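Step one of this worksheet: look at the structure below.
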Amino acid sequence: MTTLAAPSFQLPFPCGQSWTGNSSGSSAHQSYEIDFNRGSTANADLGDTVSAAAAGTVVISAHQGSTNGYGNLVKIDHGGGWTSYYAHLNSRSVAAGASVKQGQKLGTLGNTSKPGNNISPHLHFEVRQGTSYPANIRKAVFNGVTFGYPNQTLTSKNSCGGATNPHTAASVCGSGYKVVDSAALGTAGTAYLLYNSANGNNCVATIKKTSLGKATATSAYLEVQGKTRATDSGNFAYYAGPVRAAAAGKCVKWGGKVGTSAYNSPFEHCG
């Protein structure tokens, strides 16, 4: 079973803001974590808005107390084993269990930490894949470009002009579905295969990346071996699907199309 390629992360701040990231300035860093600031003084950023770098589900929204140095922490599950962390927040605007869109406000930048740990305000940001810490920390990629470690100043393109699809494969397929495979449709979109272990159902959704909000030819299909292929095809603004079918113990063919860009799998993911 393969894992989903990394979500299309954007800088975790509102559109148009420029922030400087630093991965080497903290002795607490294990790997590719980034501390962000943009002001010229220590407290200049205190209270600034922190935004979701990608859509997902909030799995932690809490003050960590003496557990670690994260202070007020928001953690988002993006599916496919990918998560992002937003630490030291002054305040939190979302609760655990909430679905958030890319660019949605998560809280405000702060300097909360464990008792006795006095730090200056900044956002501590991490991207992780999997569970084996700290080996699971991944290099951050914003707007399709890997962060220029150890230091770089970037301008946020997060939710600029509605250029980001507010829908994800997991939100389209529904609760309990996890991404098990994906295929890029050029630059036009991505086709996703998901599975729900609770009911044995697969689901396919095609998520557009271009012409968002405009009805264009988009499709998604799922074919369980020995069964008739199910297809959702038409002119859609954001996505095609969900196409669901019972597939426990069966091989499936799946794929999708946006415009002229298409993907068609062989029979795979058997069982």
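Because the structure is predicted, anything quoted here is derived from the model rather than measured.
- Two residues are said to be in side-chain contact when any heavy atoms from C-beta on lie closer than 4.5 Å; R138 and W82 meet this criterion.
- S261 places no side-chain N or O within 3.5 Å of a backbone atom of G259 that could act as its donor or acceptor partner.
- Here the straight-line distance linking atom CH2 of W19 with atom CG of L154 works out to 12.5 Å at 0.5 Å rounding.
- For the salt bridge (Lys or Arg N to Asp or Glu O under 4.0 Å) test, no residue two or more places apart in sequence or in another chain qualifies with R244.
- Taken from CG in D181 to CD in E268, the straight-line distance is 5.5 Å, to the nearest 0.5 Å.
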Side-chain atoms of residues 139-149: list all donor-acceptor pairs with protein atoms under 3.5 Å, sequence neighbours left out, distances to 0.1 Å.
from, atom 1, to, atom 2, distance (Å)
N143, OD1, Q10, NE2, 2.9
Y149, OH, Y32, O, 2.9
Y149, OH, A140, N, 2.9

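- Side chain of T153 to backbone of T20: no donor-acceptor contact under 3.5 angstrom is found.
- V74 and V100 fall within the same hydrophobic cluster, defined by Ile, Leu, Val, Met, Phe, Trp and Tyr side-chain heavy atoms under 4.5 Å apart, directly or through other members.
- Here the side chain of S113 pairs a donor or acceptor atom with the backbone of G69 at under 3.5 angstrom.
- Scanning all heavy atoms of the two residues, the minimum distance from T155 to L11 falls at C-CD2, 4.3 Å.
- Across N37 and P121, no two heavy atoms sit closer than the pair ND2-O, 2.8 Å.
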Carefully, step by step, assess N202 and V224 under the rule side chain to side chain contact (heavy atoms under 4.5 Å, CB included).
-> CA-CA 9 Å; N202 276 112; V224 180; 5.9 Å; no

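- For the atom pair CG (L123) and CG (D45), the distance works out to 10.0 Å, reported to the nearest 0.5 Å.
- Across all non-hydrogen atoms, the minimal contact from P242 to C203 is CB-SG, 3.5 Å.
- For S156 (side chain) and N158 (main-chain N/O), a donor-acceptor pair under 3.5 Å exists by modelled atom type.
- Of the possible polar contacts, none joining the T206 side chain to the A191 backbone as a donor-acceptor pair under 3.5 Å is found.
- No chain of hydrophobic side-chain contacts below 4.5 Å, direct or via other Ile, Leu, Val, Met, Phe, Trp or Tyr residues, connects L46 to F13.
- The nearest pair of heavy atoms linking L185 to A262 is CD2-C, 3.7 Å.
- Note that OG1 of T83 and CG of N136 are 7.0 Å apart. Values are rounded to the nearest 0.5 Å.
- Proximity of S51 to P14: side-chain heavy atoms (C-beta onward) are separated by under 4.5 Å at one or more points.
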Starting from the C-alpha separation in whole Å, work towards a yes-or-no answer on side chain to side chain contact (heavy atoms under 4.5 Å, CB included) for Y263 and W254.
-> CA-CA 8 Å; Y263 173 76; W254 62 281; 3.7 Å; yes

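- For N165 (side chain) and L212 (main-chain N/O), no donor-acceptor pair under 3.5 Å exists by modelled atom type.
- When only modelled atom types and interatomic distance are considered, E126 and Y133 share no side-chain donor-acceptor pair under 3.5 Å.
- The two residues T218 and A240 come nearest to each other via the heavy atoms CG2-CB, 3.7 Å.
- Between the side chain of Q104 and the main chain of Q102, no donor-acceptor pair closer than 3.5 Å is present.
- Side-chain atoms of N196 come within 3.5 Å of backbone atoms of A198 as a donor-acceptor pair (strictly under, hydrogens ignored).
- Proximity of N151 to S24: side-chain heavy atoms (C-beta onward) are separated by under 4.5 Å at one or more points.
- How far CZ of F36 is from NE2 of H122: 11.0 Å, rounded to the nearest 0.5 Å.
- Pairs of residues two or more places apart, or lying in two chains, that qualify as disulfide (SG to SG under 2.5 Å) and include a residue from residues 221-271 are C251-C270.
- Of the N and O atoms on the side chains of H78 and S84, at least one donor lies less than 3.5 Å from an acceptor on the other residue.
- Of the possible donor and acceptor atoms, one in the side chain of N111 sits under 3.5 Å from a partner among the backbone N and O of I119.
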Audit row: I76, L106, side chain to side chain contact (heavy atoms under 4.5 Å, CB included) steps and yes/no = CA-CA 10 Å; I76 300 177; L106 302 179; 3.8 Å; yes

Kindly indicate, with the supporting measurements, whether the criterion ring pair (Phe, Tyr, Trp, His ring centres under 6.0 Å) is fulfilled by F125 and Y86.
-> CA-CA 5 Å; F125 177 81; Y86 311 77; 5.4 Å; yes

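- In this model, no donor atom of one side chain and acceptor atom of the other lie less than 3.5 Å apart for Y238 and K208.
- K178 is listed as a side-chain neighbour of D77, based on a closest heavy-atom distance under 4.5 Å.
- Under the 4.5 Å side-chain heavy-atom criterion for grouping Ile, Leu, Val, Met, Phe, Trp and Tyr, I60 is connected to Y70 within one hydrophobic cluster.
- With values rounded to the nearest 0.5 angstrom, T228 atom OG1 is found 8.0 Å from E223 atom CD.
- The shortest non-hydrogen separation linking R38 to S18 is CB-O, 3.2 Å.
- Y221 and S219 share no side-chain donor-acceptor pair at under 3.5 Å.
- In summary, the side chains of D35 and H124 do present a donor paired with an acceptor at a separation below 3.5 Å, with no hydrogens or angles considered.
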Just do the side chain to side chain contact (heavy atoms under 4.5 Å, CB included) check on S8 and K209 with the steps written out, would you?
-> CA-CA 10 Å; S8 299; K209 289 185 177 179; 4.2 Å; yes

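- Although no hydrogens or angles enter the test, the distance criterion places a donor-acceptor pair under 3.5 Å between the side chain of D232 and the main chain of G241.
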